Protein chains: 2
Amino acid sequence: MRPTVHDIAEKAGVSLATVDRVLNRRKGVRAETVLRVEQVIASLGYQRDLAAANLAKSRVYPLVFVVPEGENSFMRGLEMAVHEARRRSSVERTDIKLLTVPPFDEGALAGALDGLSVEGLAGVALVATESPAVRRSVARLADAGVPVVTLVSDLPSARRRHYVGIDNVAAGRTAASLLGRFLSHRPGKVAVLAGSMLVRDHVERRLGFDQVMRAEFTNLEVLPVIEGRDEAEAAERLVGEMLDRERDVVGIYSLGAGNRGLISALMARGLNGKIEVVAHELTDHARQALADGVFAAVINQDAGHEVRSAIRVMKALADGVDLVDGQERIRIDIFLRDNLP
Amino acid sequence: MRPTVHDIAEKAGVSLATVDRVLNRRKGVRAETVLRVEQVIASLGYQRDLAAANLAKSRVYPLVFVVPEGENSFMRGLEMAVHEARRRSSVERTDIKLLTVPPFDEGALAGALDGLSVEGLAGVALVATESPAVRRSVARLADAGVPVVTLVSDLPSARRRHYVGIDNVAAGRTAASLLGRFLSHRPGKVAVLAGSMLVRDHVERRLGFDQVMRAEFTNLEVLPVIEGRDEAEAAERLVGEMLDRERDVVGIYSLGAGNRGLISALMARGLNGKIEVVAHELTDHARQALADGVFAAVINQDAGHEVRSAIRVMKALADGVDLVDGQERIRIDIFLRDNLP
DNA sequence: CATTTTTTGATTTACGTACATCAGAAATCT
DNA sequence: AGATTTCTGATGTACGTAAATCAAAAAATG
C-alpha cells in the first residue's frame, strides 16, 4: 500500500492540516516543522494520488492550441486532431481552446499569445514561427507560470518547456539517404522545395538533407532551395520554372507543404515517375501520389500523436509530474507505396 | 458539468442506492425500475467517473505478460519494457506479473496460460505461438472474462480481444520495396532469413515480402527461406552455407532475430556492404551494423510502445471503456544509418 | 388474509486529497 | 507580564463513486 497523508501526519507527529499546509505550500507552518514533515514525506516515499487530488479539486485543465490557418493540409489535420481531443475532454478533464493565426506571420502569432488571459491556464501549445516577438510572448507566459509547448516546429532556447515533434534534422538526413539510395549513384541534380526559411522545421530539414547529400552522394548536385510558402499555386509555378530551366533533375525533396503544386508541375510535364520524389506529410494528395508512383517516399509525423502527446505533456508540466520520455518521442514515419496504412 | 449519480437518482425518482444497483448490475431491482433508470442514464449521457470509481474501489489491475525466454534480443527488450512499466505501477494502479516460457514451444505457452489463476485478473498479454493448445488456453481465459491481448505476434480468430503489434504483412512489403529500390533493377538473388515458420509474424512478413518481390522486382530471384530459429549460431551456419553455395546473392531480408549470426557470416566472407541487407528490430547489433554499413535498413517496432499500449488496452477492456484507436496503432519504424536515434 | 420474499429508500462509511474554519498553543513583541 | 502575532490541531465538508446495513414498502406466495 502506498502511504497517504494520514501516514505522514502520524509519523511526523503533526495533524493532517499541517501536512496539507506543507504539501500545498500554504503558509502558517514553522520552517522547522516544514522540514520535519518533508523528511517524513521523503522517507515514506510519499507521492500524492493525482486522481484523488483532482477529484477533490474538481480539477480541469484549460489548454490552448495555436495553429496556423490557411490551405496547409497538415495543419488542417492538426486542427482536426485537436477537435478529436476535445471530444475526450470530459474524460480527460481538459478544456481545450483552438486559435488559428495567419501562417508565417510573427506579429499575428505573438499577438494571439499576448491576448491569452493567463488566469488558471494549464498550458499553451503552439506551432512556432521564429521571431523575437514570439519569444517574448512565450517568455511572458512562462513568467506567469504557464507551461508552453512547441508543436511541429520548435523554438529552442526560448522559454518553452517541451517540444512535441519530430527531429527535423534527422528527417532531412533520412530524406537524403532514401533519395540517394533510390538514385543509386546515378549523376544528376536534386531540387529542394520548401515553404519558408522562417520556420525552423524547414530550415532543419534542409540542413540535414544537405549534410548527407554532401557527405555521401557527391554524384548529386543540390540546387538552391525553392520557397513556395506552402501554397499550391506558388509551388507549381516555381517548380515548373525550375524544371523548364534545369536539365538532368533526377530527384526532388519536398520538405514543406506544397505537394499539390509539385504534383501538378510534374504531371504537366509528364515527369511523374521519372523523377524520384521524397516528400513530407501523408496528406490525401501525397497518399495518392505514392500510390501512383509519383512520390517514391513520404516522411510523416502523426498529427494525432502529436496532439495527444502535447496534452499529456502540458498536463504533466502543470502537475509537476514526470514524463514517460519514450512515450513522448514523436517518431518519423516513412511511407512507401507498399506500407500505406 | 457532467451528470453524477445524484442527478440520475433525482431525475429517475429513485434513491442513490438503486442507481448504484443498476449501474453495477447488482440484483434487487425490478426490471421495470432498471429500465427507467437506464433511460435516465442514457438521456443524461451519464458516464461514470472512472477515477472516482477506482478511488472508491481501491482498484488495482492485476496484469500478466507472457514472453518467450532465450537469447532473442527483441524479447529481452520487451521484458525490460515490462519492468519499466512495473516501475509505474503505483501511479497506474497496475500489478504486473511477468512469465517467460521456452520459445517456439506451444505446450509450454499453453501450460503457462492454464496455470494462471483467473481470480480478479484484469488482463493477459502474450507473444503468441500458433497452435490449437494455445487457442484453447486463450479461450479458457476469455470464458472466465479475462481480456486477452496478443503481443508482437497475433493469433487471429482466437478469442483474443486485441492485437498489439505492427502489421507484419506491411512490414514484409516495406522490406521488399526498400530492398528492391536500393538494388534498383540490378539482377540477382535475394535470401530470406527467418526464425521459424511456426510464429505468425514471421509467416506474414515473408508473405508480404514475396508479394512485392514477385509483383515489382522480377529482376530478383527469392531463394527458399532459411529458418535459423532466432539463434545466432544456427543463423550463422545456415547463412554461411547459403552464401558459399549460391552465386549472385545481392540482397538479404532478415525477418527474424538471427542478426548477430547473419552479421558474422557476412563479415567472415568480406561481404559486408557488398550485399544489401534489410533486417528487423533495432537491437544493439543491428544498430552497429547500420552504422557500419552492413545493414542498409532496419525495420523496427518499439517494445516500450507496445507494452504501454498493451497495458492501456487491457485496462480499457477490463473497464469496458472505448479505446482511442489511433493511439493504439503500433507503427513500423524504418531506420537508416542517417536517422538512428 | 397473513406470511414470505423481493424491491427500494435512507443512511453511513470509505477511498485520498483539498480546503476552510475556529480555537488553542506557542512564539514574538511591547 | 500582558498583548499580539504566528503556528498548529481538531474538525468538518467536499469531490464522485462503491458498498454495506437496516428498515420500510411493495409484491408475490400460500
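Just so it is clear, the model here is predicted, and its values are computed rather than measured. Heavy atoms only: backbone and side chains are in, while hydrogens, waters and symmetry mates are out. Labels below follow one simple rule: chain letters A, B, ... track the order of the sequence lines, proteins then strands, and each chain is numbered from 1.
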Quiz item: OP1 or OP2 of D/dG16 sitting under 4.0 Å from any side-chain N/O of B/T4?
Solution: no
Quiz item: Does any N or O in the side chain of A/Y61 come within less than 3.5 Å of the main-chain N or O of A/A318, such that one atom is a donor and the other an acceptor?
Solution: no
Exercise. Report yes if at least one side-chain N or O of A/R48 is closer than 4.0 Å to OP1 or OP2 of C/dG16; otherwise report no.
Key: no
Self-check item: Point-to-point distance, once rounded to the nearest 0.5 Å, from NZ of A/K11 to CD of A/Q39
Solution: 10.5 Å
Quiz item: Which pair of non-hydrogen atoms, one from A/A303 and one from A/A81, has the smallest distance, and what is that distance?
Solution: O-CB, 3.9 Å
Exercise. Could you tell me whether a side-chain N or O of A/R36 sits under 3.5 Å from a main-chain N or O of A/A12, the two making a donor and an acceptor?
Key: yes
Practice problem: Would you indicate what A/N24 reaches in the nucleic acid, counting non-hydrogen atoms under 4.0 angstrom: base, sugar-phosphate, or nothing? | Solution: sugar-phosphate
Practice problem: Mind calculating the distance between CG (B/D20) and C1' (C/dT11) to the nearest angstrom? | Solution: 13 Å
Self-check item: Atom of B/P147, atom of B/G145 and distance for their closest heavy-atom approach
Solution: CD-O, 3.5 Å
Quiz item: Rounding to a whole Å, what distance do you find between B/R93:CZ and C/dC15:C1'?
Solution: 8 Å
Quiz item: C/dG16, D/dT17, D/dA10: which one has an atom nearest the side-chain heavy atoms of B/A56?
Solution: D/dT17
Quiz prompt | Spacing between A/D49 atom CG and C/dA18 atom P, to the nearest angstrom | solution = 9 Å
Quiz prompt | Whole angstrom value for the distance that separates C1' of C/dT11 from NE2 of B/H6 | solution = 12 Å
Quiz item: B/L35 has an atom CG; how far is it from atom C1' of C/dT7, in whole Å?
Solution: 16 Å
Quiz item: Among C/dT17, D/dA18, C/dG9, which is the nearest nucleotide to the side chain of B/V14?
Solution: C/dG9
Quiz item: Is the phosphate of C/dG9, meaning OP1 or OP2, less than 4.0 Å from a side-chain N or O of B/T18?
Solution: yes
Quiz item: What integer distance in Å separates B/L16:CG from C/dT13:P?
Solution: 16 Å
Exercise. Mind calculating the distance between CD1 (A/I8) and C1' (D/dT8) to the nearest angstrom?
Key: 17 Å
Quiz item: When you match A/A17 and B/N54 each to their closest nucleotide on DNA chain D, which lands nearer the 5' end?
Solution: A/A17
Quiz item: Once you round it to whole Å, what is the distance between C1' of C/dA10 and CZ of B/R21?
Solution: 10 Å
Quiz prompt | D/dA19 phosphate, OP1 or OP2, under 4.0 Å from B/R26 side-chain N/O | solution = yes
Quiz prompt | Any donor-acceptor N/O pair under 3.5 Å between D/dG16 base and B/R2 side chain | solution = no
